[in-house]
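Side chains included, hydrogens not; waters and symmetry mates left out as well; all remaining heavy atoms used.
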Amino acid sequence: MNKVRDFILDLARGFSVVGLLVGTLFFAFSLTPSLVPRPFGIQGLISGLSLTAGYAVGFFFRWLWIYVELPVPRRRNELILKSLAALVCAVVVVTFLWQATEWQNALRTLMGMEPIGGMPMVGIGLMTLLIFTVLLVMARLFKYTFFFLSSRLQRFVPTHVSHVVGVLIAGMLFWSLIDGVIFSLALRAADNSYQQVDALIQDDLARPEEPLKTGSSASLIPWAELGRQGRNFISSGPSAAEIADFTGTTAQEPLRVYVGLNAADTAQERARLALEELKRVGGFERSVLLLVTPTGTGWVDPAAQDTVEYLHRGDIATVTAQYSYLPSALSLIVEGEYGAEMARALFEKVYGYWTGLPRDARPALYLHGLSLGALNSDRSFDVYDIIQDPFHGALWSGPPFRSETWRKATQERDPDSPAWLPRFRDGAVVRFMNQTRGLNDETGPWGTFRIAYLQHASDPVTFFDTHAFFREPEWMLPPRGPDVSPDLRWYPIVTMLQLAADMAVGSTPPGYGHTFAVEHYIDAWHALTEPEGWSAADLARLKALFSR
């Protein structure tokens, strides 16, 4: 008990006043708006991390000031300076707290969302203090571990060496505990949970009877091995009758091929299954062949899939393969290479067979991916492998900030175009669109090989930037995107924490953030694939159909 009491007293006595002052400022900055509206829990998390980060910054600079033996104010002057700083911090915090709800509601209004009554500041404050206390206790435990190890090592090595080795060993111990025990247990629990959900067969989804449906008795892939997302994908979508009824012309039944994660042990085997199933249903006999890379869970966005099937009057085949059943964020952490491996294997199989067909008798080949699917789709091929016989194009929506092709085109964009909607080399190959500018708004001609990006300036998955830790991102410079709050400001460290938390929110209406609207997919597919027989009035009718 005495050791616990001494630990608590030492924790209280060891508070850095400078750290608390800087941490208080960071807490206030965390209340400012970012890219998407934040719920209570996310705000509390950001505020707790910001307070902790600010405290660490203040503590470090105070320690550095003393370490280099810079002059320290006299006790009385120091007390006056700290009192003035505390007063300034209090005014800043009160001002920011008073405006926090107004900032969030202005952002919600910008995105067409209902305003909230008010931010629960007491709850946010309690959550902030809880996170700060937990992280501070962990830091103190690290310090005691370091001192313990260093004192033992000083019996055998010089003091400076013992300090370095002590820090390294303490860091390894704490990392092993966090990564090898806590993090691994949490991921294992999540993995088991999502695996069970993926295997669950819903009562309202019956096994298809049509032979051309994946999962039917004639299929090479059993219904049970499609996974939850695969069964939803095969069971949904427009029928030939629905398309014909809308267009007033004849239509074909859209073909969909899906290979679940459990259908085969390796990516190569799943890719081979997908190719054989695609050949079985006659996918290469359609006018358009779409190779889709799903998100982490294996989900394919119906807003993208259903619309392109209408535009091509069902004369289209789609093939995709699952590589994970975890959400994209977890899949990227745990199975980062699995998605790229699966995407490459499937592309090589389908593209290899496609290139062996006569040019005048093969379908137009397009790629598509959303979010993590866009990243892995981009990684599925090397431009030097396709340069002699390129496929027709790709539509990548919400590309993550790690996408190499997206990043290169954004960095090397025309100087007069903003980072959130670039123009790249007159749009001859790569084009960008958002809610206000379409793919055909470029002035120059679009070549036969086309890459299209559908993105929103308010999408944190696309515009997260680790450099926001110490500098303002380019997309924050004027002019800003139409869906980005004018009240958004850059603050070192805090802004990066806000953007990281924004990626976990995802609660935006279609057309904002990381959620993409049907009408924008219709415009994107129409410009990219150029289906015949669609007038502006017809496209408006199709948008109205999906809006209902």
Side-chain angles (χ1 to χ4, degrees), residues 210-214 216 218-221 233-234 237 240 243 250-259 263-264 267-294 300 304-305 308-321 341-369 373 376-396 429 446-452 525-533:
E210 301 89 335
L212 294 184
K213 292 278 190 179
T214 299
S216 66
S219 174
L220 302 176
I221 306 160
F233 179 70
I234 295 300
I243 297 173
T250 57
Q252 299 185 59
E253 194 75 25
L255 300 176
R256 294 186 175 189
V257 172
Y258 193 102
V259 179
Q268 290 293 335
E269 291 173 349
R270 290 193 293 274
R272 182 189 58 78
L273 259 180
L275 176 61
E276 294 303 319
E277 179 74 359
L278 188 62
K279 289 159 61 178
R280 183 190 73 82
V281 300
F284 290 96
E285 298 167 16
R286 295 299 173 96
S287 297
V288 176
L289 176 58
L290 184 61
L291 201 167
V292 174
T293 304
V300 178
Q305 185 63 38
V308 72
E309 289 174 343
Y310 263 92
L311 286 169
H312 289 279
R313 295 175 173 83
D315 188 14
I316 180 174
T318 302
V319 58
T320 185
E341 180 187 10
M342 184 68 253
R344 281 194 297 268
L346 184 58
F347 176 83
E348 288 171 0
K349 290 291 185 183
V350 174
Y351 175 78
Y353 185 84
W354 178 80
T355 53
L357 298 174
R359 289 178 182 264
D360 57 351
R362 66 188 186 187
L365 177 58
Y366 292 93
L367 274 56
H368 172 61
N376 289 324
S377 180
D378 185 13
R379 292 172 169 177
S380 68
F381 67 95
D382 190 309
V383 68
Y384 298 106
D385 295 333
I386 66 165
I387 196 166
Q388 291 184 340
D389 192 4
F391 56 91
H392 292 74
L395 173 58
W396 292 323
V429 176
W446 205 358
T448 55
F449 176 65
R450 304 174 173 185
I451 293 178
W525 284 125
H526 183 259
L528 179 69
T529 65
E530 297 183 335
E532 297 180 355

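- Residues A263 and L273 share a closest heavy-atom pair of O-CD1, 3.8 Å.
- Partners of A317 by side chain to side chain contact (heavy atoms under 4.5 Å, CB included), not counting sequence neighbours, listed by chain and number: L255, L278, R286, L289.
- Every residue two or more places apart in sequence or in another chain was checked for a side-chain hydrogen bond (donor to acceptor under 3.5 Å, both in side chains) with W525, and none qualifies.
- Residues that satisfy the salt bridge (charged side-chain N to carboxylate O under 4.0 Å, His left out) test with D389, not counting sequence neighbours, are R359, R362.
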Carefully, step by step, assess R272 and E269 under the rule salt bridge (charged side-chain N to carboxylate O under 4.0 Å, His left out).
CA-CA 5 Å; R272 182 189 58 78; E269 291 173 349; over 6 Å; no
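- In this structure R256 satisfies the salt bridge (charged side-chain N to carboxylate O under 4.0 Å, His left out) test together with D306, E309, sequence neighbours excluded.
- W396 places no side-chain N or O within 3.5 Å of a backbone atom of H368 that could act as its donor or acceptor partner.
- Contacts of S219 classified as side-chain hydrogen bond (donor to acceptor under 3.5 Å, both in side chains), with partners at least two apart in sequence or in another chain: E277.
- With sequence neighbours left out, Y258 forms a ring pair (Phe, Tyr, Trp, His ring centres under 6.0 Å) with F233.
- Take E530 and apply the salt bridge (charged side-chain N to carboxylate O under 4.0 Å, His left out) test, not counting sequence neighbours, and it matches R450.
- Here E253 pairs with nothing under the salt bridge (charged side-chain N to carboxylate O under 4.0 Å, His left out) rule; sequence neighbours left out.
- Residues meeting the ring pair (Phe, Tyr, Trp, His ring centres under 6.0 Å) test with F284, sequence neighbours left out: Y353.
- Scanning for side chain to side chain contact (heavy atoms under 4.5 Å, CB included) contacts around Q388 gives an empty result, with sequence neighbours left out.
- Partners of S287 according to the side-chain hydrogen bond (donor to acceptor under 3.5 Å, both in side chains) rule, which considers only residues two or more places apart in sequence or in another chain, are D315.
- Residues passing the side-chain hydrogen bond (donor to acceptor under 3.5 Å, both in side chains) test with S380: none are found, sequence neighbours excluded.
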